[in-house]
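What follows is one structure encoded as structure tokens, with my remarks underneath.
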Amino acid sequence: MKFEDSFKHKGLRKKLVEEIKNKGIEDERVLDAIGKVPRHLFMDSSFLEFAYIDKAFPIGSGQTISQPFTVAFQTQLLEINKGDKVLEVGTGSGYQSCVLMEMGAKVYTIERQKPLYLKAKTLLSDLGYKARQISYGDGYKGLPAWAPFDRIIVTAGAVEIPESLIQQLKPGGILVIPLGRDTQVMKRIRKTAGDIHIEEEHGSFRFVPMLGDKANDR
Ligand code: SAM
């Protein structure tokens, strides 16, 4: 069966949720969402047995599906409310998008690698997840046509905070972005009503780097 989600998968997922809870994820809504999304369906079949291990894995085009703890950590920092309009930069496998949709977010996501964009678009539709928009392009520029957003999450390491993303955030909105070249500091930026940005740091992570122009696309 192509999209089988067996008792075994569900059992492994439950254990994964316990594991990330023990690692410090407290938001029950985030844990519930991680418990619902069948991560094994977002990975190549050769990696199926690793789907419920708390690790990042290759998804093709030199990219990875993020570690479940990292997905949960970034999602928790976003403080998602049901109905929030969320922009995700770096669709990758589409897994993070589905976690956000399970929490009731309206998801707009953009991916810079065409093969991954095409694969995620098909997969989400096959699984019945309805993202508001799945785009192919440079997420550094955001998605101005659909702005402003309540929340923005960047899932690749950026060397600077893109001004375009700050501009596309609503007052009161939150941007979560890993910042740095080799390793990244997880930054949470709150945009206040007076257009002031309050930055917080939330530990060190290692992400694939955010890519620039489309010159190397296959
Ligand atoms: N969120 C993804 C998931 O759930 O599978 C994992 C993201 S992976 C760690 C980072 C992704 O960001 C890769 O798919 C990469 O191609 C994408 N990316 C890198 N630079 C980008 C850019 N400028 N705009 C959009 N996506 C970008």
Side-chain angles (χ1 to χ4, degrees), residues 16 20 30 33-34 36-44 47 50-78 80 86-103 105 107-124 127 129 131 133-144 146 149 151-165 168 175-184 186 205-218:
L16 174 67
I20 60 175
V30 174
I34 298 279
K36 282 184 186 147
V37 182
R39 187 173 188 256
H40 61 283
L41 300 179
F42 295 79
M43 294 166 65
D44 290 342
F47 293 124
F50 299 113
Y52 296 107
I53 293 175
D54 189 23
K55 283 205 163 93
F57 274 104
I59 53 170
S61 303
Q63 302 303 322
T64 56
I65 178 170
S66 301
Q67 183 181 344
F69 174 78
T70 306
V71 172
F73 191 82
Q74 286 197 284
T75 309
Q76 181 168 268
L77 285 178
L78 281 175
I80 297 288
V86 181
L87 170 64
E88 177 196 25
V89 175
T91 315
S93 67
Y95 175 74
Q96 169 80 71
S97 294
C98 295
V99 169
L100 291 165
M101 282 185 266
E102 285 289 357
M103 295 181 72
V107 174
Y108 299 72
T109 182
I110 180 164
E111 171 57 51
R112 147 80 180 65
Q113 303 262 14
K114 201 163 199 177
L116 294 178
Y117 153 75
L118 292 171
K119 202 168 164 188
K121 205 171 157 89
T122 305
L123 180 64
L124 264 56
L127 294 178
Y129 281 103
Q133 178 64 26
I134 305 178
S135 287
Y136 163 56
D138 182 4
Y140 200 88
K141 300 177 183 123
L143 277 180
W146 284 272
F149 299 97
R151 304 286 186 263
I152 300 179
I153 174 173
V154 178
T155 69
V159 289
E160 59 184 3
I161 299 170
E163 185 51 39
S164 48
L165 297 187
Q168 289 171 36
L175 164 67
V176 172
I177 182 168
L179 204 66
R181 214 167 282 275
D182 296 325
T183 57
Q184 294 82 29
M186 191 65 74
F205 289 80
R206 193 181 282 268
F207 280 79
V208 289
M210 196 158 170
L211 307 165
D213 64 42
K214 295 183 189 168
N216 299 322
D217 263 12
R218 274 153 282 168

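Counting starts at 1 for both ligands and their atoms, in listed order. Computed over heavy atoms, backbone and side chain alike; hydrogens, waters and symmetry mates excluded. All residue numbers in this chain count up from 1 along the given sequence.
- Relative ring orientation between Phe57 and Phe50 is described as parallel, the plane-to-plane angle staying below 30° on a 0-90° scale split at 30° and 60°.
- In the vicinity of Leu116, heavy-atom distances shorter than 4.0 Å reach the ligand 1 atoms 14 (O).
- In this structure, Thr91 is part of the shell of residues with a heavy atom less than 4.0 angstrom from ligand 1.
- Within the 4.0 Å heavy-atom shell around ligand 1 one finds Gly137.
- Under 4.0 angstrom from ligand 1, the non-hydrogen atoms of Leu211 come from both its backbone and its side chain.
- Counting atoms of ligand 1 from 1 in the listed order, those under 4.0 Å from a heavy atom of Glu88 are 1 (N).
- Annotation for ligand 1: atoms under 4.0 Å from non-hydrogen atoms of Asp138 are 22 (C), 23 (N), 24 (N).
- Contacts between Val71 and ligand 1, counted as non-hydrogen atom pairs separated by less than 4.0 Å, are absent for every part of the residue.
- Rounding to the nearest 0.5 Å places OG1 of Thr91 at 11.0 Å from CD of Gln63.
- Between Trp146 and Tyr108, the two ring planes are tilted [angle within 30° to 60°].
- Annotation: side chain of Tyr140 is not in contact with side chain of Val89 (no heavy-atom distance under 4.5 Å).
- Heavy-atom proximity to Tyr95, at under 4.0 Å, picks out these atoms of ligand 1: 4 (O).
- Below 3.5 Å of separation, one finds no N or O of Val208 facing any N or O of ligand 1.
- Taking every non-hydrogen atom of Thr64 and a distance limit under 4.0 Å, the qualifying atoms of ligand 1 come out as 6 (C), 7 (C), 8 (S), 9 (C).
- Close contacts between ligand 1 and Ser66 involve ligand atoms 6 (C), 9 (C) [criterion: under 4.0 Å to a heavy atom].
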